[in-house]
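Computed over heavy atoms, backbone and side chain alike; hydrogens, waters and symmetry mates excluded.
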Amino acid sequence: MPSGKSEKLMDLAKRRGFIWPSFEIYGGVGGFYDFGPLGSLLKNKIIQKWREHYVLEEGFFEIDSPSVMPEEVLKASGHVDHFIDAMVECQKCGTALRVADVAREATGRDIEGMPKGEIEQFIERHKVRCPDCGGVLGKIFDFNAMFRTTIGPGSRKVGYLRPETAQGIFVDFNRLQRYARGRLPFGVVQIGRGYRNEISPRQGIIRLREFTMAEAEVFFDPEDPHHPKFKDAANEVLRLWLAGDQEKGKERLTEVTAEQAVKKKLVCNELMAYYLALTKRFLLDLGIPEGAIRFREQTKGQRAHYSAETWDAEVSTERFGWVEVAGLAYRTDYDLSGHAKFSGKDLTMFSADKKRKVLCHVVEPSYGIDRPLYCVLEHAYAEEKKRTYMRLKKSLAPIDVGVFPLLNRDGMPEKAREVCEKLKREGLMAVHDNSGSIGRRYARADEVGTPYCVTVDHKTLEDDTVTIRDRDTMTQIRVLVGGLHGVLRSLLRDEIKFGEAGAQVGAKRLPEEFRRDTP
RNA sequence: GCGGCCGUGGUCCAGCCUGGUCUAUGACACAGCCUUGCCAAGGCUGUAACGCGGGUUCGAAUCCCGCCGGCCGCACCA
């Protein structure tokens with residue numbers, strides 16, 4: 001058995017079908033992971049929560065655009081030119097190396113960001129050779145981290161797998177702004193896969209070559225960066241790690257409310273502050289504890305080519321330290337201007353309020369889905385004495401309820417199966433399990449975070465009641481089968497307290513108040 | 001991509017140095033049956049592995065090479 005907590009978590013995740021290495025029978029490929037049956041359910045629930053915040057609450061428009069994009073789009077977005085590393089190939093042994101690495105190893109100097117021509121001179125002047133075989137280095141070439149492909153037969157039409165879903169939104173801007181009917185700000189979201197051909201992926205599910213992202217582009221008038229519901233978020237406390245403090249090597253966090261952050265100009269505008277607050281709420285909603293959340297301002301050198309200010313939402317993990325789970329970037333008019341220039345189309349918008357044309361600016365809250373999923377698993381993982389269980393939020397648990405017979409005889413298995421089928425028909429994710437002992441079945445359910453277990457026992461056969469066991473407290477209540485679905489539903493939605501949802505187990509008769517079929 | 005370590009059933013591991021009774025050890029997990037009146041109990045039975053490819057050898061889990069993958073450090077992470 002593995003010893004560390006994170007090893008045991010990963011063991012559980014693999015064993016029980018949350019996360020698997022992809023293409024395993026062929027030895028696997030780095031940077032790719034499969035979600036197993038439980039992982040898929042969990043991932044979908046996380047996405048569902050995100051939709052609740054951004055599509056329902058914020059009223060943003062969700063679109064779904066292709067993963068393969070023609071070259072022009074990514075030229076305009078700057079990805080073809082900026083999403084790159086300068087590489088050099090050894091003329092003798094043929095290995096490709098990052099120029100900046102070779103140069104640093106050989107000369108101790110950092111040439112990051114140096115123009116291509118100068119790099120070649122630099123290599124020449126310092127006689128930098130291949131660190132593997134000592135061979136002469138060839139021409140500098142760019143390694144673009146996008147996966148390249150061709151569209152249609154032949155190789156004339158170049159395409160790329162999108163590195164972010166955002167560009168699919170920007171290129172639809174004209175149709176979207178018409179859909180928004182002149183109202184600003186408005187937001188558009190897209191949930192989908194993005195692709196980045198990492199040179200060397202590491203850290204399991206944290207650095208993937210193909211991953212799911214949920215991105216929101218909030219379009220606004222740069223002269224009016226207000227959020228209509230800002231007061232709802234104004235008092236949310238944000239823990240900020242300012243760029244200035246990072247540059248000075250200070251670990252200090254600044255705690256301010258969203259409102260203060262704007263007033264003190266720690267954050268560029270009200271919209272940014274609002275979405276920082278919303279991001280915090282989303283993470284809390286996933287069950288990440290408040291103390292494990294912070295916002296780190298990217299320093300100038302860390303920021304993407306399109307960004308004027310970026311905040312990373314980070315979650316503290318045992319295994320990987322602080323993990324970036326979302327990036328909130330002030331993209332200004334970079335993308336719309338770029339696409340306007342490259343396409344020749346007018347991408348301004350007529351503001352119904354201001355009665356004038358506006359070139360929108362963009363604040364982009366962009367979330368990974370895979371990383372938060374890992375964080376959720378790690379924070380939910382709990383060990384108590386001999387018990388291992390996932391303290392997942394009820395609304396995130398892949399399985400809602402397990403249904404077991406107490407014993408495998410006297411018609412209990414049949415009855416349990418019948419109850420399980422009924423719950424499934426009512427729309428609950430219910431699973432039946434009758435192998436091993438009752439204790440083992442509870443343990444199996446605990447391990448994957450199933451919040452409730454229903455047990456059919458002898459009393460069920462007499463009075464049609466079953467017990468419901470609570471995952472976290474291991475206590476039980478007894479309810480009528482007829483009202484079971486309603487009780488479970490209310491429990492799962494946190495509408496009633498467990499102890500008040502049914503009769504105490506051990507009571508000789510079900511008290512009157514619980515003798516009704518629908519609570 | 002570099003340097004170091006590593007890769008045996010679902011999981012964790014023994015065996016490797018010192019090739020051969022290895023038709024591969026153990027534990028846990030899983031499936032079936034028995035048992036079982038509520039928290040991983042017990043009994044029996046069963047499924048199941050030497051990362052991939054090449055080489056050395058009469059013979060390779062074991063020695064050598066390449067590839068793939070993993071972990072740690074460096075770098076990268078728009």
Side-chain angles (χ1 to χ4, degrees), chain A residues 1-4 6-8 10-17 20-32 36 77-79 81-90 95-105 110 112-113 130-132 143-146 163-164 196-204 206-209 298 301-307 310 312 319 323-324 327 329 366 385-389 404-410 412 434-447 453 455-461 466-467 469 471 473-476 478 505-506:
Chain A
M1 284 277 112
S3 50
S6 59
E7 279 86 25
K8 283 196 265 188
M10 287 318 288
D11 168 35
L12 190 158
K14 267 196 271 180
R15 199 159 36 78
R16 297 304 306 273
W20 293 326
S22 297
F23 321 116
E24 225 179 345
I25 63 167
Y26 291 105
V29 180
F32 295 96
S77 70
H79 286 90
D81 296 324
H82 298 294
F83 201 57
I84 49 170
D85 278 313
M87 306 283 287
V88 65
E89 198 175 81
C90 170
T95 49
L97 304 146
R98 282 193 74 246
V99 174
D101 295 349
V102 187
R104 188 182 310 97
E105 269 175 53
D110 186 9
E112 209 81 55
C130 173
D132 288 354
F143 171 74
N144 194 294
M146 290 192 291
E164 55 175 7
R196 299 178 182 187
N197 201 359
E198 302 280 352
I199 296 172
S200 139
R202 282 280 179 84
Q203 304 181 299
I206 300 298
R207 281 283 291 285
L208 295 172
R209 286 185 165 130
Q298 289 191 357
Q302 294 167 333
R303 260 181 262 139
H305 59 270
Y306 50 69
S307 172
T310 297
D312 285 345
R319 182 156 179 215
V323 169
E324 176 197 344
S366 168
K385 292 175 189 155
K386 287 201 163 177
R387 198 157 89 99
T388 296
Y389 67 113
F404 317 138
L406 178 63
L407 298 170
N408 275 311
R409 59 167 210 237
D410 300 339
M412 283 182 234
N434 64 355
S435 94
S437 64
I438 186 70
R440 183 170 290 270
R441 299 194 274 261
Y442 288 143
R444 271 196 285 255
D446 285 345
E447 205 177 45
C453 291
T455 302
V456 167
D457 57 12
H458 285 88
K459 209 154 183 293
T460 309
L461 309 174
V466 289
T467 59
R469 169 191 180 269
R471 175 194 69 200
T473 60
M474 298 196 290
T475 55
Q476 287 177 303
R478 186 172 281 279
V505 164

In the structure shown, which nucleotide is the Watson-Crick or G-U wobble counterpart of [N], with both distances under 3.5 Å?
| N | value |
| --- | --- |
| B/U18 | none |
| B/G73 | B/C2 |
| B/A48 | none |
| B/G53 | B/C65 |
| B/C33 | B/G43 |

Measure from [atom1] on [X] to [atom2] on [N] and round the result to the nearest Å.
| X | N | atom1 | atom2 | answer |
| --- | --- | --- | --- | --- |
| A/I25 | B/G7 | CD1 | C1' | 18 Å |
| A/R16 | B/C28 | CZ | P | 18 Å |
| A/Y26 | B/G53 | OH | C1' | 15 Å |
| A/W20 | B/G70 | CH2 | P | 18 Å |
| A/Q298 | B/C76 | CD | C1' | 14 Å |
| A/R209 | B/C77 | CZ | P | 15 Å |
| A/N197 | B/C77 | CG | P | 15 Å |
| A/R15 | B/A29 | CZ | C1' | 7 Å |

Legend entry - Under 4.0 Å protein heavy-atom contact, by nucleotide of nucleotides 30-46 of chain B - B base, S sugar-phosphate only: SSS---BBBBBS-----
Inset, instruction - Mind running side chain to side chain contact (heavy atoms under 4.5 Å, CB included) on A/D446 and A/R387 for me, showing each step along the way? - result: CA-CA 8 Å; A/D446 285 345; A/R387 198 157 89 99; 2.7 Å; yes
Legend entry - Side-chain ion pair, A/E447 and A/R15, N-O less than 4.0 Å: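 Yes, this pair counts.
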Legend entry - A/R441 and A/T455: side chain donor to acceptor below 3.5 Å: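 Not at all, the side chains of A/R441 and A/T455 share no donor-acceptor pair under 3.5 Å.
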Inset, instruction - Could you tell me which non-hydrogen atom of A/D312 sits nearest to which non-hydrogen atom of A/G327, and how far apart they are? - result: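 Answer, listing the atom of A/D312 first, then A/G327: OD1-CA, 3.8 Å.
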What integer number of Å spans the [atom1] atoms of [N] and [M]?
| N | M | atom1 | result |
| --- | --- | --- | --- |
| B/G42 | B/U8 | C1' | 30 Å |
| B/G7 | B/C50 | C1' | 10 Å |
| B/C30 | B/A41 | P | 9 Å |

Legend entry - Check: A/D457 and A/R478 side chains under 4.5 Å, non-hydrogen atoms: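 Touching, per the 4.5 Å side-chain cut-off.
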Inset, instruction - Name the orientation class of the two ring planes belonging to A/H79 and A/Y306 (parallel below 30°, tilted from 30 to 60°, perpendicular beyond 60°). - result: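 Tilted: the ring planes of A/H79 and A/Y306 meet at 30° to 60°.
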Legend entry - Within 45° cone of A/Y442 ring axis and under 6.0 Å: A/R469 NZ or CZ: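 Yes, a cation-pi geometry.
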